[in-house]
Amino acid sequence: MQNVVKKARNLRIHWNETHLNEDLFLFLTENYSIEIVEMNLRNNINGISWYVMDQHIITINSKLSGFERLLTMWHEFGHYLMHFPNKTVGSYFWGDEKIYKGNRKQENEADAFAYCAVIPLIWLKEKTFTDLLDEGFTDEQIWKRKEIYERYKI
């Protein structure tokens with residue numbers, strides 16, 4: 001997981017120090033020439049990171065909203081940051097366990113990147129569970145972030 005921390009900190013965007021929003025995501029993807037596509041994805045797939053014909057593409061499920069959408073954006077950017085330019089791999093999927101079961105390590109890294117981007121460590125330490133629920137996070141999202149902290153200390 002040190003690879004995640006190192007690459008995220010090299011971005012100099014205050015990852016895991018402050019809540020990273022959609023505007024910053026869009027700024028970074030534009031800066032890195034990543035095309036963003038929103039469309040209705042099937043089979044509970046939240047997002048896909050692609051590398052096709054020398055172009056990085058992140059597809060976000062158009063049915064998503066709120067923090068689930070934001071988590072998906074940062075998760076897919078995490079794949080770009082940590083798992084590309086491995087051009088031998090065509091795509092990563094997030095949201096359907098059957099599809100990415102074989103890439104669990106890479107999915108865990110992208111999850112950690114996304115959860116730390118959206119729920120920074122300071123929020124985890126200073127806000128109560130109820131405060132985080134009031135911010136719009138679900139029970140599952142809060143527990144997942146706490147699990148990432150307990151496992152990796154980030």
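Positions are given from 1 along the sequence.
Atom NZ of Lys153 is surrounded by more than 12 heavy atoms from other residues, nucleotides or ligands within 6.0 Å. Applying the 6.0 Å contact sphere to CZ of Phe27 captures no more than 12 heavy atoms from other residues, nucleotides or ligands. Open room surrounds NE2 on His14; 12 or fewer heavy atoms of other groups in view lie less than 6.0 Å from it.
Looking at residues two or more places apart in sequence or on another chain, you find a salt bridge (Lys or Arg N to Asp or Glu O under 4.0 Å) between Glu147 and Arg151. Scanning for side chain to side chain donor-acceptor pair (under 3.5 Å) contacts around Ser33 gives an empty result, with sequence neighbours left out. Among residues two or more places apart in sequence or in another chain, the salt bridge (Lys or Arg N to Asp or Glu O under 4.0 Å) test is passed with Glu17 by none. For Phe25, the ring-ring contact (aromatic ring centres under 6.0 Å, His included) test picks out Trp74, with sequence neighbours left out. With sequence neighbours left out, the side chain to side chain contact (heavy atoms under 4.5 Å, CB included) criterion links Asn40 to Asn61, Ser62, Lys63. Remark: Ser65 pairs with no residue by the side chain to side chain contact (heavy atoms under 4.5 Å, CB included) rule, at least two apart or across chains. With sequence neighbours left out, Tyr152 forms a side chain to side chain contact (heavy atoms under 4.5 Å, CB included) with Met1, Asn108, Ile148, Ile154. In terms of the side chain to side chain donor-acceptor pair (under 3.5 Å) criterion, residue partners of Thr59 (sequence neighbours excluded) are, by chain and number, Trp50. For Met53, the side chain to side chain contact (heavy atoms under 4.5 Å, CB included) criterion is met by no residue, not counting sequence neighbours. In this view, Glu35 satisfies the side chain to side chain donor-acceptor pair (under 3.5 Å) rule with no residue, not counting sequence neighbours.
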Atom pairs and distances, donor-acceptor, side-chain atoms in residues 133-144, under 3.5 Å, two or more places apart:
residue: Glu135; atom: OE2; partner: Lys127; partner atom: NZ; Å: 2.8
residue: Thr138; atom: OG1; partner: Gln141; partner atom: N; Å: 3.1
residue: Thr138; atom: OG1; partner: Gln141; partner atom: OE1; Å: 3.4
residue: Gln141; atom: OE1; partner: Thr138; partner atom: N; Å: 2.9
residue: Gln141; atom: NE2; partner: Glu68; partner atom: OE1; Å: 3.1
residue: Lys144; atom: NZ; partner: Asp111; partner atom: OD2; Å: 3.4

Note to self: With side chain to side chain contact (heavy atoms under 4.5 Å, CB included) as the criterion, how do Thr18 and Trp15 come out once you've worked through the C-alpha distance, each side chain's angles and the decisive distance to 0.1 Å?
What the structure shows: CA-CA 6 Å; Thr18 188; Trp15 173 84; over 6 Å; no
Item checked: Test side chain to side chain contact (heavy atoms under 4.5 Å, CB included) applied to Ile58 and Met73, step by step -> CA-CA 8 Å; Ile58 291 177; Met73 290 174 160; over 6 Å; no
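Of the possible polar contacts, one joining the His19 side chain to the Val118 backbone as a donor-acceptor pair under 3.5 Å is found.
Residue pairs satisfying the side chain to side chain donor-acceptor pair (under 3.5 Å) criterion with at least one member in residues 2-12, sequence neighbours excluded, are absent.
Under 3.5 Å, the side chains of His79 and Glu107 contain a donor-acceptor pair of N or O atoms.
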